[in-house]
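Data first, discussion second: the structure below is written as structure tokens.
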Amino acid sequence: MSTLDPLFINDENLSWEAVGPGVRRKIMAYDANLMLVKVAFDAGGIGAIHHHYHTQMSYVESGRFAITIGDETRELKSGDVYHLPPDVPHGAVALEAGVLVDVFTPMREDFV
């Protein structure tokens, strides 16, 4: 697995990919061990409950979200972070438009 090139990535040079109603993502950088992805949500956009074997940490860059991890849902806002161990069901609902910055290890092969 190769990394995206160049080593310095300019946001404006990357395209958004629609991944569902009101949700789009931009793969910012990755190698075999690590991946950084921006996910933009319109107000009301839903990241459906799912799980994967990757460890994930997500930073709320902007907006307000209802984040569900397992059986618990909490409201997170700009500046907050959540951590997902492997195989834990999770999802997000955008309470207002915003952006999540997701980091995965290993990288999400299903995204490329």
Side-chain angles (χ1 to χ4, degrees):
M1 183 63 50
S2 64
T3 61
L4 285 176
D5 192 54
L7 295 179
F8 298 94
I9 295 103
N10 295 93
D11 182 70
E12 66 268 11
N13 295 334
L14 301 174
S15 300
W16 289 101
E17 169 191 5
V19 293
V23 183
R24 59 195 189 284
R25 75 175 164 226
K26 190 183 284 198
I27 298 170
M28 301 302 294
Y30 66 91
D31 64 20
N33 299 309
L34 191 64
M35 176 180 266
L36 184 108
V37 179
K38 286 175 54 172
V39 187
F41 289 77
D42 295 339
I46 297 172
I49 298 290
H50 65 287
H51 64 90
H52 42 75
Y53 71 89
H54 310 82
T55 296
Q56 176 180 341
M57 289 189 184
S58 297
Y59 171 75
V60 182
E61 178 182 292
S62 61
R64 210 166 40 89
F65 293 85
I67 303 295
T68 299
I69 300 173
D71 296 328
E72 186 173 357
T73 301
R74 291 196 186 177
E75 186 176 313
L76 299 179
K77 63 181 178 359
S78 179
D80 293 338
V81 172
Y82 59 96
H83 171 243
L84 299 163
D87 295 313
V88 175
H90 59 280
V93 176
L95 303 174
E96 60 187 44
V99 174
L100 298 176
V101 178
D102 296 340
V103 178
F104 301 97
T105 185
M107 63 85 72
R108 295 285 304 262
E109 290 184 7
D110 56 321
F111 282 12
V112 295

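Test Leu14, Val37, Val99, Val101 against Lys26 for side-chain contact (heavy atoms from CB on, under 4.5 Å) and you get one pass: Leu14.
Leu76 and Val88 end up in the same hydrophobic cluster when Ile, Leu, Val, Met, Phe, Trp and Tyr side chains are linked at under 4.5 Å. Following chains of ILVMFWY side-chain contacts shorter than 4.5 Å, one can reach Met28 starting from Val103, so the two form part of one hydrophobic cluster. Taken together through direct or relayed side-chain contacts under 4.5 Å among Ile, Leu, Val, Met, Phe, Trp and Tyr, Val19 and Met35 form part of one hydrophobic cluster. Put simply, Val81 and Leu36 are part of the same group of oily side chains (I, L, V, M, F, W, Y) that touch within less than 4.5 Å, one to the next. No path of Ile, Leu, Val, Met, Phe, Trp and Tyr side chains, each step under 4.5 Å between heavy atoms, connects Ile49 with Leu100, placing them in separate hydrophobic clusters.
Sorted by first and then second residue, the pairs that involve residues 34-56 and meet salt bridge (charged side-chain N to carboxylate O under 4.0 Å, His left out), not counting sequence neighbours, are Asp11-Lys38, Arg24-Asp42. Here ring pair (Phe, Tyr, Trp, His ring centres under 6.0 Å) pairs that include residues 59-88, with residues two or more places apart or in two chains, are Phe41-Phe65. Applying the salt bridge (charged side-chain N to carboxylate O under 4.0 Å, His left out) rule to pairs touching residues 85-107 yields Arg64-Glu96, sequence neighbours excluded.
Within the 6.0 Å centre-distance limit, the rings of His50 and His90 are counted as a close aromatic pair. Taking the six-membered ring for Trp, Phe104 and Phe111 have ring centres closer than 6.0 Å.
Here Pro106 pairs with Tyr53, His54 under the side-chain contact (heavy atoms from CB on, under 4.5 Å) rule; sequence neighbours left out. With sequence neighbours left out, Glu17 forms a side-chain hydrogen bond (donor to acceptor under 3.5 Å, both in side chains) with Arg25. For Thr105, the side-chain contact (heavy atoms from CB on, under 4.5 Å) partners are Leu34, Thr55, not counting sequence neighbours. Residues satisfying the side-chain contact (heavy atoms from CB on, under 4.5 Å) test with Asn10, not counting sequence neighbours, are Glu12, Asn13.
Of all heavy-atom pairs spanning Ile9 and Ala29, the tightest one is CD1-CB, 3.8 Å. Here the closest non-hydrogen pair linking Ala92 and Ile67 is CB-CD1, 3.6 Å.
Cluster note: Val93 groups with Ile46 through ILVMFWY side-chain heavy atoms spaced under 4.5 Å, whether in direct contact or through intervening members.
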